[in-house]
Amino acid sequence: MWVQSLFIALFIVILLQGVYFSKRNFKSIRYRRHFTPNEANVGETVTLVEHIENTRLLPIPWVRVEASISSDLIIGRSKSKDKLRQFHRSMFALPPYSTITRRHPVYCSHRGYYHIPTVSLTTGDVLGISDRKSRDIPTDTTLLVYPNIVPIEDIFSIRNSFTGDVVVRRWIVEDPFLIKGVRDYASGDPQNHINWKATARVGRLQVHNYDYSADVRLMIMLNVETEDGQWTVTRDPECVEREISYAASIAQYALENGVETGFSTNGKYIDDPETQVRLTPYTSAEQLNSLLLALAKLTHNRRQTFQKLLEMEADEGLTGCDILIISAYTCEEIDEQVERLRGLGNAVEFLMVEPTPPEELDRGAVS
């Protein structure tokens, strides 16, 4: 008789634990995740940190955490790049009143703005007799990967499209500044402006006091279309990535040398596709940060045709700028708008970026 009672009691305990864990687990769980640091450059490794906590007395037998993440972020030893998205999964068993922290190395293989708004938590009882329960938990995890910066000399040593001597040559090939003395060092001054002889003489940091040899205002215009008559999305994303890298490199060089620099493009922000991507020429550390942020968030999708972007700039009376157009092609409609901009008192030059060879595009499409 006692054996039957034991089995009945055991059966009741099994049922009760199934009911309890299926209803109470989520009330005991606190979960959060973040990247540290949450900004990086291409080729760097950051850390994905997970924190999960059991806030109650009874243990939680198991919790599975799943999140969809871009395959451009290579987690741990995974080298899979076959798909646009991957699922990152973690399993936890939580003792009473416990907190578990896990850290996963993440290799940043590609520029971009990565957002993980939610993760899915799945849990159940010890013996698996009750239905598994799942719930989406908001995390709002973000990671910003800045474009690849290449030496300015490398860009212009392999690109000989600069036929004029007005745009870019005057501030890249020749020094755009005249030195008119020295002054005390101020926060944000580049280190290469320090005058070490004057510093040693007066006993505090001195920098060259520059004056412009010309009133230089640079406007970089980037075309995410890689061929005339293109639909919304380019067939050649690698070409667009080269354009973005060149734009970031030129902007950084110009701003670090005191050149007022702005940026506009016919592309879209990944997190705000309706906003026009445009930065008015300005010179400051904040301007460089804003410009690199814009390039990191830029997608390959066009918001408008490039000739429409140029037309908009001309209609709004853009003047007094050195305009550098970074594009894989030009056409009659683009050239017409370029002439309008020149007529408004702007100097306009092209930096032509070679498209990816067709055989490489075909190979990428097959893979």
Side-chain angles (χ1 to χ4, degrees), residues 41-43 109-112 145-164 166-169 171-173 218-254 261-268 277-279 291-292 294-310 313 321-335 337-338 341 346-365:
N41 297 313
V42 173
S109 70
H110 196 276
R111 168 202 66 88
V145 181
Y146 292 113
N148 186 38
I149 301 296
V150 298
I152 200 75
E153 298 83 4
D154 292 354
I155 297 175
F156 295 103
S157 65
I158 61 175
R159 308 292 174 202
N160 58 2
S161 61
F162 293 96
T163 56
V166 177
V167 180
V168 181
R169 285 186 182 275
W171 56 265
I172 287 184
V173 180
L218 175 66
M219 189 68 176
I220 300 172
M221 297 186 180
L222 188 148
N223 184 9
V224 299
E225 298 173 302
T226 54
E227 57 186 346
D228 192 12
Q230 172 186 304
W231 290 93
T232 304
V233 182
T234 179
R235 293 177 57 250
D236 191 354
E238 292 304 319
C239 179
V240 179
E241 287 303 315
R242 288 192 290 273
E243 293 179 353
I244 291 172
S245 177
Y246 292 166
S249 305
I250 294 169
Q252 177 172 293
Y253 179 92
T261 304
F263 175 72
S264 68
T265 178
N266 58 339
K268 295 180 180 181
V277 184
R278 189 183 193 281
L279 297 173
L291 206 150
L292 293 177
L295 288 167
K297 290 187 174 184
L298 195 63
T299 71
H300 300 152
N301 296 6
R302 79 174 189 198
R303 186 175 183 273
Q304 60 200 142
T305 64
F306 193 63
Q307 50 263 39
K308 185 66 177 177
L309 174 69
L310 298 179
E313 295 285 357
C321 281
D322 288 351
I323 299 174
L324 177 61
I325 294 176
I326 303 179
S327 178
Y329 79 98
T330 187
C331 63
E332 183 177 346
E333 291 80 4
I334 290 177
D335 292 340
Q337 298 304 322
V338 166
L341 288 167
N346 302 288
V348 186
E349 196 65 81
F350 282 85
L351 173 58
M352 305 303 294
V353 180
E354 294 182 4
T356 305
E359 59 273 14
E360 293 187 20
L361 284 178
D362 296 338
R363 186 162 56 247

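As the structure is a prediction and not an experimental result, all values here were calculated from the model.
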Residue pair G267 / V277: nearest heavy atoms and the distance that separates them
O-CG2, 3.6 Å
Donor-acceptor pair, side chain of S249 and main chain of I152, under 3.5 angstrom:
no
If we only count heavy atoms from C-beta on, is the L298 to V224 side-chain gap below 4.5 Å?
yes
Is it the case that T305 and N266 place a side-chain donor and acceptor less than 3.5 Å from each other?
no
Would you kindly say whether T226 and D236 are connected by a side-chain donor-acceptor distance under 3.5 Å?
no
Show the nearest heavy-atom pair for residues I334 and T330, with the distance to one decimal.
CG2-OG1, 3.5 Å
Tightest non-hydrogen contact, residues R278 and S264, listed as CG-CB, 3.9 Å
Can you name the salt bridge (Lys or Arg N to Asp or Glu O under 4.0 Å) partners of R303, sequence neighbours left out?
none
Can a donor-acceptor pair be found, under 3.5 Å and without considering hydrogens, that links the side chain of R111 to the backbone of A296?
yes
Check V240 against H300 and note the closest heavy-atom contact, atom names and distance.
CG1-CD2, 3.6 Å
With side chain to side chain contact (heavy atoms under 4.5 Å, CB included) as the test, pick out the partner of F350 among I323, L324, D335.
D335
Under the side-chain contact (heavy atoms from CB on, under 4.5 Å) criterion, do I326 and N223 qualify, and how do the steps go?
CA-CA 6 Å; I326 303 179; N223 184 9; over 6 Å; no
With I325 as reference, evaluate L222, L310, I220 under the side chain to side chain contact (heavy atoms under 4.5 Å, CB included) test and give the passing residue.
L310
When you check the gap from the basic side-chain N to the acidic O, do E354 and R242 get nearer than 4.0 Å?
no
Over all heavy atoms of both residues, which pair between Q304 and T265 is shortest? Give the atoms and the distance, please.
OE1-O, 4.5 Å
Any E313 side-chain heavy atom under 4.5 Å of L341 side chain:
yes
